[in-house]
Each structure stands twice: as structure tokens, then as C-alpha cells.
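Take a look at the structure set out below.
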Amino acid sequence: MVTIPNRRVAVALALVFAALAVVPLVGETYALKVATRMIVFAIFAMSLDLLLGYTGLVSFGHAAFFGLSAYSLQLVSPESEAANLITALPQCLGVTAAAAALIGMLVVRTAGIYFIMSTLALAQMFFFFFHDSPIAGGSDGAYIWYKPVLTIGATALLDLDGRETLYYFALACLVLCYGFLVVVLRSPFGEVIQGIRVNEHRMRALGYDTRRFKLVSFVLSALMAGLAGFLFACIDGFVAPQLLGWRESGIGLVMVILGGMGTLYGSIIGAFAFIGMEEIVRDRQFTGVMAEHWQILMGVFVIVVVLFLKNGLAGLFAEPPIRRPATKEEP
Amino acid sequence: MSEVVLKTEGVSKNFGGLYAVRNVSVAFEHGRVEVIIGPNGAGKTTLINLLSGDLAPTDGRIVYRGRDVTGLPAHRLSKKGIGRSYQITNIFPQFTVHRNVWLASQSRLPSCMRFLRPAGRYRQVAERVDRALSLAEIAHRAGDVAAQISHGEQRRLEIAMLLAAEPDVLLLDEPLAGMGAEETGGIVTLIRSLARDHCVVLIEHDMDAVFAVADYLTVMVGGSILESGPPDVIRASEDVRRAYLGDSSTAVLAGAAAP
């Protein structure tokens with residue numbers, strides 16, 4: 001319910017973002033790559049939180065948009081030179097938004113378990129499309145040989161092939177997405193979707209066309225997932241059908257729940273904790289022979305958090321009181 | 001004063017052969033509390049549903065301020081100025097009282113597809129919220145979570161949500177349902193005061209409250225209007241006693257008649 005973080009959380013977030021900004025100065029290549037992945041998944045999880053924690057829609061097919069955008073980058077990238085970020089990013093997001101609008105129009109007619117099932121089914125259709133067709137290597141996946149470069153005129157300003165450049169670009173995207181969502185959730189639109197989460201019938205009775213609001217929320221969320229997918233494709237320069245699969249969607253849900261739904265920053269914490277924990281339990285140095293069975297350890301970790309922290313990891317921070325929209329003077 | 005705001009002309013509602021409302025013509029005036037009474041199954045709630053647009057009539061016309069509004073959906077009618085509250089409390093339990101009323105008030109914005117400006121900066125919305133909160137006398141609870149206030153306060157909250165949309169017709173479906181005697185008195189006073197500049201139409205079973213609040217009564221039986229008139233006339237009517245109330249309820253009417 002609380003969109004605007006309290007002061008403690010805001011300070012903590014500022015410190016975390018500041019700490020993240022210096023990672024490339026201290027970390028080696030591998031650490032930088034893991035940190036980039038954390039940031040990308042934080043964007044993905046946050047996009048899912050908009051649906052899950054604020055609109056009350058449990059999407060089990062969100063990876064479809066993540067993967068679709070990643071694939072779009074592979075498809076719009078020329079084979080022997082880099083795509084221009086200025087055209088490639090809008091193209092990828094445009095494809096994602098179109099797919100989300102189409103899927104959204106179908107799924108917002110359903111609710112509850114049917115919503116979960118229909119998003120899952122439609123996302124699996126995208127998965128099998130890329131899995132079973134010769135497009136972009138079929139089940140083998142395909143490489144993006146040259147990462148996108150931001151070129152204006154003849155000057156290359158940003159080359160996402162550079163590890164550090166990609167890292168900072170992703171970090172900037174995370175900060176912007178977070179800020180954007182905080183603003184949107186405080187707006188009249190944000191109030192409406194949060195009302196829908198609590199009592200959709202009452203919202204309809206108040207005169208709101210709730211389907212339209214759910215659809216817009218769905219597309220917004222998918223766009224953000226698409227941005228995450230785009231960045232993800234730039235990390236390894238490789239896309240595979242698994243990116244669109246239900247397992248990826250499930251990981252997104254676990255991250256949001258682990259971090260704490262309906263807080264936004266919880267999703268960031270959840271993504272960082274999930275990937276960080278994965279790196280730890282897979283490392284022989286820390287877990288010895290259990291490193292081979294790291295999934296068991298991950299399972300235990302997730303269960304412990306869910307059992308003992310009612311509001312996820314974000315619940316560790318003091319829960320600020322629920323606030324009403326503050327009435328302010330016109331600026 | 002006696003200006004007809006909302007009226008029906010021979011409306012019927014037919015559920016697969018069963019008439020819940022049959023050929024009802026009734027007119028509701030501004031500045032009055034109009035009460036619909038009748039035994040269970042008389043079609044009172046169906047009539048309210050027809051007036052609010054939750055149901056479309058099978059036959060007949062509904063006229064609001066001289067315009068034919070027959071068949072318009074509920075959210076259109078609510079924008080035109082016909083607001084309703086429900087028999088069962090229907091609020092946003094996790095939200096504060098203020099935020100509940102906010103959502104009702106905000107629904108009057110031309111569009112809520114606004115993404116950037118903070119909701120709190122929409123001053124007209126905020127003013128409507130404050131006015132509704134104080135009219136419904138629930139302003140002292142504005143900061144409390146709606147699930148944690150008393151039942152009577154929740155009914156007041158419902159009325160505040162209704163008022164925040166600034167309707168001129170208030171359709172209240174059993175606003176006193178499940179209330180204690182003390183709370184009832186407060187709501188009755190509130191409804192009387194709202195009638196000064198609204199047209200209030202309500203369904204009620206509590207006969208003491210009905211006669212305390214009503215300016216005009218309409219008695220429904222079996223989907224049709226049996227009789228209508230000021231409280232004295234209804235109280236004196238033999239037809240009403242016999243057809244609607246039966247023996248045991250005659251005592252209730254007689255009791256309510258004696259002040």
C-alpha cells in the first residue's frame with residue numbers, strides 16, 4: 001500500500017544506489033556481470049510488482065515480454081555491425097507493447113486463477129513459437145554478435161559492448177524505472193489501480209472502467225519487463241527460448257514475494273537477494289558438496305524468508321503508517 | 001421545492017417470466033426523503049437497481065431531469081448525478097477512510113488516465129472529499145483504516161463516498177441495516193439534513209425509522225405500487241395494513257403511529 005518509501009528506506013536506497021555506482025571500480029569482470037544481472041532482474045521484478053502488488057493481477061507469463069524484447073533485439077541487430085540503440089530500443093519495446101496490448105485485451109477479462117492460467121498459456125505459446133520455429137536458431141537460441149551502440153550522427157556515445165557502460169546504463173534504467181513507478185503510483189491512475197486491487201467491484205460501481213485501467217497497467221508493466229529483457233540480451237549477447245518460459249516467470253514471482261509485494265523497493269531487494277544467494281550456494285567455497293544441489297539450498301532460503309518474514313525482506317524495514325494522499329497547494 | 005427529479009413511467013423488470021417489478025410509475029421530488037417500504041420480495045431493491053442503472057428495465061421509461069435515461073449503465077448514471085449505496089457495506093477495508101472517499105471523489109475527474117501529477121494535488125477532488133467527510137460527520141475518522149471503524153461509522157463512510165461524487169439523487173438501500181438504536185438515530189438525522197438539497201430515495205424496514213425520516217412513502221407489494229402518500233395517509237390506510245403488514249405488523253404500525 002505504501003508507495004513512497006519512508007525516510008529510512010529512502011536513505012537506504014540512496015546508499016545502495018551509490019554503492020552500486022562504484023561497483024565497476026572495485027569488482028572484477030565476473031562480479032560486474034553478476035551485478036548487471038541483478039540490476040536487470042530488479043527491473044523485471046519491479047515491473048511484475050506493478051501487477052502483483054499494486055493492481056492485484058498475478059501474471060504467470062511475464063517472462064514472455066522479457067524474452068520477446070530480448071529476441072527482438074537479436075532480430076533487429078544486423079549480423080555484421082551493431083544496431084543503433086536509438087532505433088533498436090524503441091523497436092523492441094514497440095513489439096513488446098503490441099504483444100502486451102493483444103494479450104492484455106484477452107486476459108483482463110478474466111480474474112483470479114483464470115488470469116494466472118491464461119497468462120501462463122499465452123506466454124507458453126510465445127515460448128513454443130521461438131522453440132519450434134527456425135527463427136533465431138529455434139531451440140538452440142542465437143547470438144547477438146554486436147551489442148547495440150548509441151550513435152547520434154556519426155559519433156558513438158555509448159557502446160553497450162563495454163561491460164562498465166552496460167552496467168551503468170542498466171543502473172540508470174533501474175533508477176529511472178523506480179522513480180517513474182513511484183510517480184505513477186501517486187497519480188490518479190495509481191490510485192485507481194490500487195483501488196482495483198482491493199475491491200474491483202466497488203471501483204466499477206464508482207464509475208471506473210476497470211478493464212481499461214488493468215489493460216494500461218498490464219502494458220506498462222510489460223514495457224518495463226521488455227526493457228529488462230533488452231538489457232539482459234546485452235549481457236551475454238545470447239538469446240534462448242528459455243527466456244520466455246514459465247520458469248523465468250516463476251523466478252520473477254519468487255523475487256517479488258521474497259522481497260515483499262507492493263513496495264517496489266522490495267522487488268529490488270528480492271532480485272538482489274535471489275541472485276546473490278544463488279551465487280553463494282552454487283559456490284563450492286561456501287557450500288562444499290551441497291553446491292551440486294544448490295537448488296535445495298535456494299528452496300530452503302526462500303521458504304525460510306516466506307515463513308518468517310510476513311512482508312518479505314522489505315518487511316525488515318519498519319512498516320511506515322499507511323498514508324492518505326496529502327493535499328497540497330497548487331505549485 | 002416540489003420539483004420532480006427522477007421518475008419512472010410504467011417500468012417493469014421481468015426475470016424469465018417472473019415480474020419483480022410490474023408497471024411501476026413513481027416520481028421523486030427534490031428536497032424530500034422518499035421511502036419505499038414493502039414486504040420481502042416486493043421488488044424494492046429491484047426498483048432501486050433500475051433507477052441506478054444496475055439493471056435495465058424490460059419495459060417502460062426512466063426519466064431523470066426531463067431526459068430519458070432508460071437503459072444507461074450504472075457508471076454513466078452515476079456521472080450524471082444518481083448515486084447509490086448498497087445494502088451490504090461495500091468499501092475498501094484496507095484503505096483509510098480518507099482514501100476510500102478519495103477514490104469516490106476522483107471518479108468525477110474527466111479522466112483518471114493521468115500518470116504524472118500526484119493525486120493529492122488535484123484540489124477539487126480534495127475539496128469534495130473534505131466536504132463529503134464533514135457532511136457525513138465522519139471527518140474525525142479520516143485517518144483511520146476503514147476495516148477498523150464501527151459498523152455505524154462504515155455506513156457513514158458509505159454515505160460519504162456517495163456524497164463525494166456530488167450526486168443530486170441519493171439512492172440508499174437499507175442504510176440502517178444492522179445498526180444499533182443509537183447509531184440509527186444519528187443516521188436518521190443525517191438523512192433528514194441531506195434531504196434539504198438532495199432527492200433522497202431509500203428502502204427501509206425499521207418502521208420507527210421510516211416514520212421518523214419519511215416525507216413521502218411508497219408501498220410496494222408483489223412488484224407493484226399498492227399505495228403512496230405522506231406518512232399520515234399510509235399510517236391510516238386499511239389497505240396497507242391488510243395487504244402488506246398483516247396482523248402482527250399492524251401492531252408495529254400502530255406503535256409507530258403513537259408518538
Side-chain angles (χ1 to χ4, degrees), chain A residues 1-4 50 53-54 56 176-177 179-217 219-221 223-224 261-262 311 319-331, chain B residues 52-54 73-80 82-86 88-127 129-130 142-147 158 161-162 164-165 167:
Chain A
M1 216 69 50
V2 180
T3 315
I4 322 301
L50 177 65
Y54 289 97
L176 285 176
C177 284
F180 175 71
L181 285 180
V182 167
V183 167
V184 163
L185 285 166
R186 293 174 73 189
S187 72
F189 172 82
E191 289 289 322
V192 173
I193 59 169
Q194 291 172 77
I196 290 173
R197 188 182 76 83
V198 173
N199 190 346
E200 182 176 357
H201 169 255
R202 191 69 178 102
M203 289 302 281
R204 262 200 308 267
L206 285 175
Y208 295 102
D209 184 353
T210 55
R211 274 186 195 166
R212 267 180 64 220
F213 287 93
K214 288 197 288 185
L215 178 61
V216 171
S217 177
V219 173
L220 262 182
S221 164
L223 267 175
M224 211 165 272
M261 299 191 286
N311 300 314
E319 193 72 351
I322 293 165
R323 60 182 66 204
R324 54 184 178 169
T327 312
K328 288 194 191 110
E329 295 299 310
E330 292 283 341
Chain B
S52 69
D54 284 308
H75 66 266
R76 294 275 305 280
L77 285 179
S78 106
K79 289 221 158 140
K80 282 183 183 292
I82 300 176
R84 83 167 284 185
S85 75
Y86 290 83
I88 298 158
T89 303
N90 192 353
I91 54 175
F92 302 91
Q94 294 103 304
F95 289 173
T96 60
V97 167
H98 187 278
R99 198 167 180 193
N100 268 272
V101 183
W102 185 278
L103 284 172
S105 169
Q106 193 187 270
S107 70
R108 285 310 87 120
L109 285 178
S111 165
C112 279
M113 286 289 177
R114 300 289 161 91
F115 301 90
L116 299 178
R117 195 161 147 219
R121 293 239 185 102
Y122 286 77
R123 261 168 86 186
Q124 282 182 328
V125 178
E127 280 163 13
V129 172
D130 292 340
D144 294 325
V145 175
E158 282 261 3
M161 289 169 78
L162 189 57

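Note that CZ of A:R197 and CZ of B:F92 are 11.5 Å apart. Values are rounded to the nearest 0.5 Å. The CD atom of A:Q194 sits 11.5 Å away from the CD atom of B:Q94 when rounded to the nearest 0.5 Å. Between atom CD of residue A:E191 and atom CZ of residue B:R114 there is a gap of 15.0 Å, rounded to the nearest 0.5 Å.
Proximity to chain A (any heavy atom under 4.5 Å) is shown, for B:R76, by neither the backbone nor the side chain. When heavy atoms are compared at a cutoff of 4.5 Å, B:A74 does not approach chain A at all. Residue contact with chain B, scored on non-hydrogen atoms closer than 4.5 Å, involves the backbone of A:R204 exclusively. Contact of B:P73 with chain A is not made at all, since no heavy-atom distance falls under 4.5 Å. If you measure heavy-atom distances from B:L77 to chain A, you find no contacts under 4.5 Å at all.
The minimum heavy-atom distance between B:I91 and A:N199, with the atom names listed, is O-ND2, 2.9 Å. Considering all non-hydrogen atoms of both residues, B:S78 and A:L206 come closest at OG-O, 4.0 Å.
For A:F180, there are no ring pair (Phe, Tyr, Trp, His ring centres under 6.0 Å) partners two or more places apart in sequence or in a different chain. Judged as a side-chain contact (heavy atoms from CB on, under 4.5 Å), and not counting sequence neighbours, the contacts of A:V216 are A:F189, B:M113, B:F115.
In terms of heavy-atom pairs under 4.5 angstrom with chain A, the leader among B:A165, B:A164, B:C112 is B:C112.
For CD of B:Q124, the number of neighbouring non-hydrogen atoms (other residues, nucleotides, ligands) closer than 6.0 Å is 12 at most.
Contact of the B:Y86 side chain with the A:R202 side chain is registered, since non-hydrogen atoms from C-beta on lie closer than 4.5 Å.
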